[in-house]
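The basis for the numbers below is simple: all heavy atoms, side chains too, and nothing from hydrogens, waters or symmetry mates. Each chain gets a letter, A, B and so on, in the order its sequence line appears, and its residues count up from 1.
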Amino acid sequence: MEIDKVYEPQRFEPHWAAWWVGHNTYRAEAHPGQPYFSLAIPPPNVTGSLHMGHMFEHSIIDAQVRWRRMKRTPDGKAVDTLWLPGTDHAGIATQIMVERQLAEEGLSKRDLGRDAFEARVWKWKEENGGRIVEQMKRAGVSCDWSRERFTLDPGLSRAVREAFVRLYEKGLIYQGDYIVNWCPRCQTALSDLEVEHEEGEGSLWHIRYPVVGSDESIVVATTRPETMLGDTGVAINPLDPRAARLHPRNVKLPLTDREIPIVLDEMADLAFGSGAVKITPAHDPNDFEAGKRHDLPSIQVIGEDAKMTAAAGKFAGLDRYEARKRIVAELQELGFLEKIEPYKLNVGKCHRCKTVVEPLVSKQWWMKMKPLAEPAIAAVEDGRITFVPANWSKTYFEWMYNIRDWCISRQLWWGHRIPAWYCGDCKGVTVARETPVKCSHCGSAKLTQETDVLDTWFSSGLWPFSTLGWPDDTPDLRAFYPTSLLVTGFDIIFFWAARMIMLGMEMMGDVPFRQVHIHGLVRDAERQKMSKTKGNVIDPLVVNDKYGTDAVRFGLLVAAAPGNDIALSEEVILRGRKFANKIWNASGLLFSKLPNEPKRESLADRWIGSRLNTAIDRANKAFEHHRYHEAADAVWTFFWDEFCDWYLEVKKSDTDWGFAYQVHEKALLLLHPLMPFITEELWHRRGHQTSIALEPYPQYEPALNDADAEREMKLLQDIVTAVRELRADHKIDRKVKLSGTLSLGGSVPMETIERLTNVGLEVRPREGSGFDLKLDLPEAAGTSDEQRERLKKDNEQLDKIIANSLRQLGNESFVAKAPAHVIDGMRAKLAEYQAQLAKNRAALSE
RNA sequence: GGGCGCGUAGCUCAGUUGGUUAGAGCGCCUGCUUCACACGCAGGAGGUCACAGGUUCGAGUCCUGUCGCGCCCACCA
């Protein structure tokens, strides 16, 4: 067997990436009723390019999926394992991107018209939509590419219509005029979740509204003076002392010729401002409700383009902020402006384009959420779905208990067009799965389809079952639903996870997944969010190529504690790279030895077998509990500290390498979920023809633990370390042979110690555990200064610990209450400390 | 206004149900071109576990409070 001298992942990673895809290595078989593990990928946007967030998430998913695929049932059977890949059409994001392209050509989407625009986006999708998929393939994710899906596929589109119609027929989808978040840039309504709130410095303008037929005025405070033109009322609290004399009266709205009523409403806080609040039903959610309570008209003074409407009179046509300036100036001039206070306020911004959203009244489609939320809450409450880490369920509940109806319509051209048709004759609405030929109310054929499309998250919400063939009852659906696990970031628990649960319960009558693993964010070394504008991104395409995908994966996973953000720097990746390099070189050493049939196992063989068993146990448990950093640490410690630093070093003086080969093979299997490429490469170098990914994962076997071997090996390590310490303390060149007396018992091979330490030793057994070490040191007959200092320090520590142990052991409560193994352990340790102290003192007195 | 989380070695972080000198990587110091690996080997320094109380035989780990930092949700003008 041979191996390239240097670890160069670039030489084999692309090969295996293509090989896996070409061989359908990760193709899942559907056997309804059989054990399975399934996971639907959080579909990346088609417009996207692989970034570190994907890389991190995919590393986690891939580790879990690969482990599941390898893991066998108790009776040794493989489990049908499916990781279903796909992409999301990402309504707004994609539309914005194509609009930008058009803009470069001096065109707008309106110039093209709806059909041509849609065709244009599809064309873009066909040409470029596969980019991120190709990047994922290169990264080696173990998806079943034969089942790749796209949210606008015909099948998924059918699922969308089916779900929409069912919800509509149940009365869970309705249409209505309500106040919505309107993005003037994207020209569409947004759901509450798509609005980001940002605190900013604003002002509170106090404006005086004269009471009609009185000398009195009411002062209202507002953060948005431009909306005053749309005021249709002023509220004061019923408990306000002024209520009695002001209530059934009007105020004159400044800058207009309108009179508006004073109403009594608890929305006016006596303690805030002047205790009165203006009501603008058309431009504020609170006021919208107040308007309905008091039957006030709604006057829209700001349009969809964020410019003042004709209703704004002489301010018509002005941008809302320009209008604000003019209005304030005019109020001031006319003496209506009482005062201006600095004020902190939250402004809502479109999370796609960061434009300040405008609350507007608009006719939209809504989903009634309360009835859907109930079973979804129950599913988490009773444990049919669990969150990892568990605390995230609180966040989920918090949102679900306070859920509000979801605005699902978008005024976009890219997406699932709402399956509703308006009748030109009776004006009725027909909602249908297939394009209807006539109105369901009057039979008229004059039907025109709703132009709005659905929020992208509507189709995403169906993803766990729409991808498996729903609404048809397919073998895939029966074999793989509910999916086993969802892995995603906390930022989309509400956007996606919660909606999948609600729609899964509603459509399938069962949970969409049994576990939700919430991971953290990938940040830069300074814990800042990575963003192109900040220039702090680490591009996975660059580092995957430079250091190898395995290195990036391992670095990410070893740094990732459950749920915590990860501070990524090249240093983190380098850690993975170093480990891969180590694996490579250790394998090279092994391959230079003959793989003979293992004969009698040596101490080292028995020891490494036992250590391997422990690592296997740790890794399996870590994967089971989604603790990837622990899995990474387990394999790292085993492979580097134990296999390389001790086992291989000891084996170098051995000719019998058969057992080492066996351990190496197990180690590759153990490592595979974390580092798929290097393990596949080495697997094949060992002569295998099929993928390591389909082999059984090593299982912990209690019988393989070897306490004797561990104890003896520990002794060997202690001796070797002690001699090395002496050498270092006395600055003795390792080539200088030392001679001396060493007393120890057991079967520790002296040749090994001599080779590892370059010491010739005579061995004598010693009572109890531990050993004495005496060497003839060439020059420094006594104890070196460094050693002296260290011993002194060590003794101080020992004194403290011994005193502490004695105190505890002398404490009756402790002896009475502490478990036996703790007490025994402490006694044993105490003896060791005392022996150590005595030894140190002897050395010091030399 | 609610909710969640964090503060452990110079830096980035681990630390399962409270239990036996608190760990890793990087960085640092001292040696080493030892025939797998300098992306390495060997040895070493470095921590009153934010602070103050409490529970306990025993607290980095549980409870309360304080300080500092972060995130999420929310229609208070």
Side-chain angles (χ1 to χ4, degrees), chain A residues 3 5-7 179 192 197 204 220-224 235 267-269 272-273 276-280 284-289 343 345-346 359 391-392 394-395 397-399 402 490-491 493-494 521 525 527 547 551 555 558-561 563-569 571-572 574-575 577-592 621 625 627 629-630 633 636-637 644-645 648-649 652 720-721 724-729 731 733-735 756 758 786 790 794 797-798 800-801 804-805 808 811-819 821-830 833:
Chain A
I3 194 169
K5 188 84 184 125
V6 183
Y7 168 63
I179 198 131
D192 294 337
H197 293 280
L204 196 57
V220 298
T222 180
T223 55
R224 301 200 56 199
M267 75 183 285
D269 180 349
F272 187 91
V277 55
K278 65 198 254 327
I279 301 174
T280 323
D284 182 277
N286 261 332
D287 296 7
F288 179 77
E289 294 301 324
Y343 195 73
L345 76 164
N346 281 326
N391 240 352
W392 284 109
K394 284 189 189 171
T395 305
F397 287 135
E398 195 62 29
W399 191 68
N402 300 304
F490 59 81
D491 48 333
I493 289 179
F494 310 138
L521 250 48
R527 321 210 99 258
Y547 301 109
V558 79
N564 281 13
D565 288 353
I566 128 164
L568 186 67
S569 57
E571 176 194 313
V572 171
L574 244 22
R575 191 172 168 188
R577 166 70 205 237
K578 285 168 64 168
F579 188 43
N581 188 249
K582 191 75 181 175
I583 294 166
W584 187 261
N585 284 302
S587 301
L589 171 66
L590 181 79
F591 293 167
S592 71
K621 282 181 176 147
H625 296 108
R627 300 173 66 85
H629 71 299
E630 219 164 272
D633 184 65
W636 172 288
T637 302
C644 290
D645 287 352
L648 289 182
E649 290 306 323
K652 280 177 180 172
V720 169
T721 303
R724 284 171 175 169
E725 270 174 27
L726 282 173
R727 284 192 171 280
D729 283 341
K731 308 244 186 297
D733 194 282
R734 53 174 291 286
K735 284 171 192 146
L756 293 178
N758 221 25
E786 278 106 332
R790 178 138 36 84
D794 201 24
Q797 280 283 5
L798 285 166
K800 260 192 239 169
I801 298 157
N804 195 39
S805 301
Q808 284 218 63
N811 184 325
E812 279 175 34
S813 297
F814 173 73
V815 180
K817 292 181 185 174
H821 75 272
V822 172
I823 297 169
D824 294 346
M826 193 174 282
R827 288 214 174 99
K829 281 280 183 184
L830 178 62
Y833 300 147

Any side-chain N or O of [X] below 4.0 angstrom from OP1/OP2 of [N]?
| X | N | result |
| --- | --- | --- |
| A:K582 | B:G25 | no |
| A:R727 | B:U30 | no |
| A:K578 | B:A38 | no |

Measure the distance from [atom1] on [X] to [atom2] on [N] and round it to the nearest whole Å.
| X | N | atom1 | atom2 | result |
| --- | --- | --- | --- | --- |
| A:N402 | B:C72 | CG | C1' | 13 Å |
| A:I493 | B:G3 | CD1 | P | 18 Å |
| A:H821 | B:C57 | NE2 | C1' | 15 Å |
| A:N581 | B:C37 | CG | P | 10 Å |
| A:I583 | B:G40 | CD1 | P | 13 Å |
| A:H625 | B:U17 | NE2 | C1' | 12 Å |
| A:F490 | B:C72 | CZ | P | 7 Å |
| A:N564 | B:U8 | CG | C1' | 14 Å |

Remember a base hit wins even if backbone is also touched, and classify [X] as base, sugar-phosphate or nothing at under 4.0 Å, heavy atoms.
| X | value |
| --- | --- |
| A:R577 | base |
| A:R627 | sugar-phosphate |
| A:A818 | base |
| A:E725 | sugar-phosphate |
| A:K394 | sugar-phosphate |
| A:Y343 | sugar-phosphate |
| A:F579 | nothing |
| A:D269 | base |
| A:T222 | sugar-phosphate |
| A:K621 | nothing |
| A:A816 | nothing |
| A:S805 | nothing |
| A:N346 | base |

Considering only side-chain heavy atoms of [X], which listed nucleotide, [options], is closest?
| X | options | answer |
| --- | --- | --- |
| A:P819 | B:A36, B:G19, B:A42 | B:G19 |
| A:A567 | B:U12, B:A36, B:U20 | B:U12 |
| A:F494 | B:C72, B:A36, B:A42 | B:C72 |
| A:R575 | B:C72, B:G25, B:G43 | B:G25 |
| A:F814 | B:G43, B:A36, B:G19 | B:G19 |

Considering only heavy atoms and no angle criterion, is a donor-acceptor pair shorter than 3.5 Å present between the side chain of A:E649 and the base of B:A36?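 Yes, the side chain and the base share a sub-3.5 Å donor-acceptor pair.
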Classify the side chain of A:N286 and the base of B:C75 as holding, or not holding, a donor-acceptor pair under 3.5 Å. yes
Sticking with atom [atom1], work out how far [N] lies from [M], rounded to a whole angstrom.
| N | M | atom1 | result |
| --- | --- | --- | --- |
| B:A9 | B:A24 | P | 14 Å |
| B:A50 | B:C6 | P | 12 Å |
| B:C13 | B:C35 | P | 38 Å |
| B:U16 | B:C63 | P | 14 Å |
| B:G47 | B:A14 | C1' | 15 Å |
| B:C28 | B:U12 | C1' | 16 Å |
| B:C51 | B:G19 | C1' | 25 Å |
| B:A45 | B:A22 | P | 14 Å |

Judged by nearest nucleotide, the residue sitting upstream toward the 5' end of RNA chain B, A:W636 or A:I801, is A:I801
Would you mind telling me which residue lines up with the more 5' stretch of RNA chain B, A:V720 or A:E630, judged by nearest nucleotide?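 Per heavy-atom nearest nucleotide, the more 5' residue is A:E630.
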With a 4.5 Å cut-off on side-chain heavy atoms, are [Y] and [X] touching?
| X | Y | value |
| --- | --- | --- |
| A:C644 | A:K582 | yes |
| A:P285 | A:I179 | yes |
| A:H629 | A:R627 | yes |
| A:W392 | A:I493 | yes |
| A:I583 | A:F579 | yes |

Would you tabulate the pairs of protein nitrogen or oxygen atoms and nucleotide nitrogen or oxygen atoms of nucleotides 46-49 of chain B closer than 3.5 angstrom?
{"unit_1": "B:G46", "atom_1": "OP1", "unit_2": "A:K793", "atom_2": "NZ", "d": "2.4"}

A:Y7 vs A:W584 aromatic rings, parallel, tilted or perpendicular, using cut-offs 30° and 60°? tilted
Could you state the interatomic distance from CZ (A:F490) to CG (A:D565), rounded to the nearest 0.5 Å? 5.5 Å
Going from CG on A:N564 to CG on A:L521, what distance comes out if it is rounded to the nearest 0.5 angstrom? 11.5 Å
Watson-Crick and G-U pairing of RNA chain B, under 3.5 Å, as dot-bracket with | and [ ]: (((((((..((((.....[...)))).(((((.......))))).....(((((..]....))))))))))))....
